[in-house]
There are 2 protein chains.
Amino acid sequence: MPDSNSSASILLIDDHPLLRKGVKQLIEMHPSMQVVAEACNAIEGVKLAQTIDPDLILLDLNMPNINGIETLKMLREEEVSSRIIVFTVSDNEEDVVAALKAGADGYLLKDMEPEDLLTSLEQAATGTVVISPRLATLLAQALQSNKSVDKVDLSSLTPREKQIIKLIANGMANKVIARKLSITEGTVKVHVKHLLKKLRLRSRVEVAVWAVQEGLN
Amino acid sequence: MPDSNSSASILLIDDHPLLRKGVKQLIEMHPSMQVVAEACNAIEGVKLAQTIDPDLILLDLNMPNINGIETLKMLREEEVSSRIIVFTVSDNEEDVVAALKAGADGYLLKDMEPEDLLTSLEQAATGTVVISPRLATLLAQALQSNKSVDKVDLSSLTPREKQIIKLIANGMANKVIARKLSITEGTVKVHVKHLLKKLRLRSRVEVAVWAVQEGLN
DNA sequence: GTCGGATTACCACTTTGGTGGTACTCCAAA
DNA sequence: TTTGGAGTACCACCAAAGTGGTAATCCGAC
């Protein structure tokens, strides 16, 4: 749990020790970031992610047994709040789309220039979704053919959850929502927790922004 | 600081003891609200508001020495976070507009039916701006002639503050904003505190909603 | 009739957000 | 040259948000 000015903590998940070493050395050259842990497979990676909750996770796609996409899904299942950046050799469209659909916060190619990698990671640490430039056009096409890459289905929400989203989008605090709905604040928190998970959002602020943009106001 | 299920706390500021007594009795009949303090003038009222920080303040306009509008401004000056409902006999347009401009969260007339008053107060406690129905048309006209009733001037914000508003409107946490701007989280909090005061908003969620609606995204 | 989702509640706990204060630097306006 | 706003930082403190778990009720589907 790094505080504001300490460097961004990073977990590497990759089955190639040499590559991990290289990436780690590269990152360590940069004071604003720090590799705090490494894992060579999915199980270990998920475990580490849960215990240390890093700011960023750099995740390889091609791993034995459990592949990267599966690992990504596991991390999301376990509600790891880290930003997850897929880091791989594959510029295959399906992989990119699958990764982003599974909730990746970035997709970087291993053949990037080291310097570009560093700046991309820095950006990722500040909350920006980073995609290797080479994939941009590819992704644009995918978006055209399938407009629902990042669309969450509103239908997975219960009526109560939708109701609470609207109240959040009006800027209301949990306490106020509780009073309005005649339930306890604790219960409101439960609903908020559930809808955050369903919408894959990280805070009520994101919920509010999303709802307003979606016109749910 | 009532918790979710406890009743909404109310402070009465009115120079008529009898009226206070009546209102108090009326409110006490309602389990979801509770009068926690009373004041007969502005000074006392502001002091009480600061110390007990009630959910609602019912404020009379016609008081000796310092009138209600002044009191209202003082309360806003002192950054009292309570919802302030003006409660008066005056259905004068100027008073209504002045009160709302000064930041009132509601404007109710003393000749309301007791039952209507209760429901209005309940609504106010849930964050709704309540206006006596009789004043609705009057207010609509005022809005037509002067579109800036609730408009805050963006120009009072410093460049840094505007920048941070945009980041908040992207759902970012203080920690992430700090990293992006290369300043400490504490400093981000300072800016947030200041812009909340300037915009007369109560939380970053309200800032985000406001900014998105304003197209500052 | 059982199973599971939805709703509610309560608990303890950690993290994030917001307040209040002081204090330093920089820079421009008075 | 002094003054004041803007930006930064640090501090302690309290309030709000979010997590993780258990558990009860209700209701509809299988």
Side-chain angles (χ1 to χ4, degrees), chain A residues 1-6 9 49-55 77-82 127 155-164 167-168 171-179 181-208, chain B residues 1-6 9 50-55 77-82 127 155-165 167-168 171-179 181-208:
Chain A
M1 273 120 284
D3 93 55
S4 54
N5 258 359
S6 74
S9 55
Q50 285 177 308
T51 54
I52 64 185
D53 190 28
D55 293 313
E77 276 292 303
E78 301 300 326
E79 300 165 51
V80 168
S81 66
S82 316
S155 59
S156 69
L157 296 169
T158 68
R160 201 52 149 178
E161 285 163 356
K162 288 182 204 164
Q163 191 177 18
I164 288 181
L167 299 179
I168 289 178
M172 293 187 186
N174 289 335
K175 201 199 299 188
V176 178
I177 295 175
R179 235 181 246 135
L181 301 182
S182 303
I183 58 182
T184 65
E185 184 179 355
T187 302
V188 177
K189 287 185 179 183
V190 172
H191 291 306
V192 172
K193 180 170 41 172
H194 292 158
L195 66 87
L196 281 176
K197 199 199 302 191
K198 286 183 185 173
L199 299 177
R200 292 227 329 278
L201 298 175
R202 290 172 175 81
S203 72
R204 70 195 296 103
V205 183
E206 293 191 359
V207 172
Chain B
M1 273 119 282
D3 93 54
S4 54
N5 258 359
S6 74
S9 55
Q50 286 177 307
T51 54
I52 64 183
D53 189 30
D55 293 313
E77 276 291 303
E78 301 298 326
E79 302 166 48
V80 168
S81 66
S82 316
S155 58
S156 69
L157 296 169
T158 68
R160 201 51 150 179
E161 285 163 356
K162 288 182 203 161
Q163 190 178 18
I164 288 181
I165 287 177
L167 300 179
I168 289 178
M172 294 186 185
N174 288 336
K175 202 197 301 187
V176 178
I177 295 175
R179 234 180 248 133
L181 301 181
S182 303
I183 57 181
T184 66
E185 183 179 356
T187 302
V188 177
K189 286 185 179 183
V190 172
H191 290 306
V192 171
K193 180 171 39 171
H194 292 158
L195 66 86
L196 281 176
K197 198 201 300 192
K198 287 183 185 173
L199 299 176
R200 292 227 329 277
L201 297 176
R202 292 172 175 79
S203 71
R204 69 195 297 103
V205 183
E206 292 190 359
V207 172

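Here is the naming used below: chain letters follow the sequence lines, and residue numbers restart at 1 for every chain.
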Please give, in whole Å, the distance from [N] [atom2] to [X] [atom1]?
X: Lys197(A); N: dA17(D); atom1: NZ; atom2: C1'; result: 17 Å
X: Ile168(A); N: dA17(D); atom1: CD1; atom2: P; result: 9 Å
X: Glu185(A); N: dT19(D); atom1: CD; atom2: P; result: 14 Å
X: Glu206(B); N: dA17(D); atom1: CD; atom2: C1'; result: 15 Å
X: Ile177(B); N: dT16(C); atom1: CD1; atom2: C1'; result: 12 Å
X: Arg179(B); N: dT16(C); atom1: CZ; atom2: C1'; result: 14 Å
X: Ile183(A); N: dA24(D); atom1: CD1; atom2: C1'; result: 16 Å
X: Leu181(A); N: dA9(C); atom1: CG; atom2: C1'; result: 15 Å

Strictly below 4.0 Å: does [X] bring a side-chain N or O up to OP1 or OP2 of [N]?
X: Thr158(A); N: dA6(C); answer: no
X: His194(A); N: dA6(C); answer: no
X: Thr187(B); N: dA9(D); answer: yes
X: Lys175(A); N: dA16(D); answer: yes

*Member of Ile164(A), Thr187(A), Val192(A) meeting the side-chain contact (heavy atoms from CB on, under 4.5 Å) criterion with Ile177(A)*: Ile164(A)

_Nearest heavy atom decides the nucleotide; on that basis, is Ile164(A) or Val205(B) closer to the 5' end of DNA chain C?_
Ile164(A)

_Residue whose closest nucleotide on DNA chain C lies nearer the 5' end, Val190(B) versus Arg202(B)_ = Arg202(B)

Minimum-distance nucleotide (side-chain atoms of [X] versus [options]):
X: Asn174(B); options: dA16(D), dG17(C), dG18(D); value: dG17(C)
X: Thr184(B); options: dG17(C), dT7(C), dA9(D); value: dA9(D)
X: Arg204(B); options: dA9(D), dG7(D), dG18(C); value: dG18(C)
X: Pro159(A); options: dG18(C), dA17(D), dT7(C); value: dT7(C)

*Look at the side chain of Lys193(A) and the base of dG18(D), then say whether one donor and one acceptor between them are separated by less than 3.5 Å.*
no

*Quick one: on DNA chain D, does Leu196(A) or His191(B) contact a more 5' nucleotide (nearest heavy atom)?*
His191(B)

*Five pairs at each end of the helix from dG1(C)-dC30(D) to dA30(C)-dT1(D): take the axis at both ends and give me the angle between them to 10°.*
40°

Closest approach of [X] and [Y], non-hydrogen atoms and distance?
X: Asp53(A); Y: Ser81(A); answer: OD1-OG, 3.1 Å
X: Ser82(A); Y: Pro54(A); answer: OG-O, 2.6 Å
X: Asp55(B); Y: Arg179(A); answer: OD2-NH2, 3.2 Å
X: Gln163(B); Y: Leu181(B); answer: NE2-CD2, 3.5 Å

*asked:* Are Arg160(A) and Ile183(A) packed together at the side-chain level, in the sense that at least one heavy-atom pair is separated by less than 4.5 angstrom?
replied: yes

_Residue pair Lys198(B) / Thr158(B), side-chain heavy-atom distance below 4.5 Å_ = yes

*asked:* Checking the side chain of Glu161(A) only, and the main-chain atoms of Leu157(A) only, is there a donor and an acceptor separated by less than 3.5 Å?
replied: no

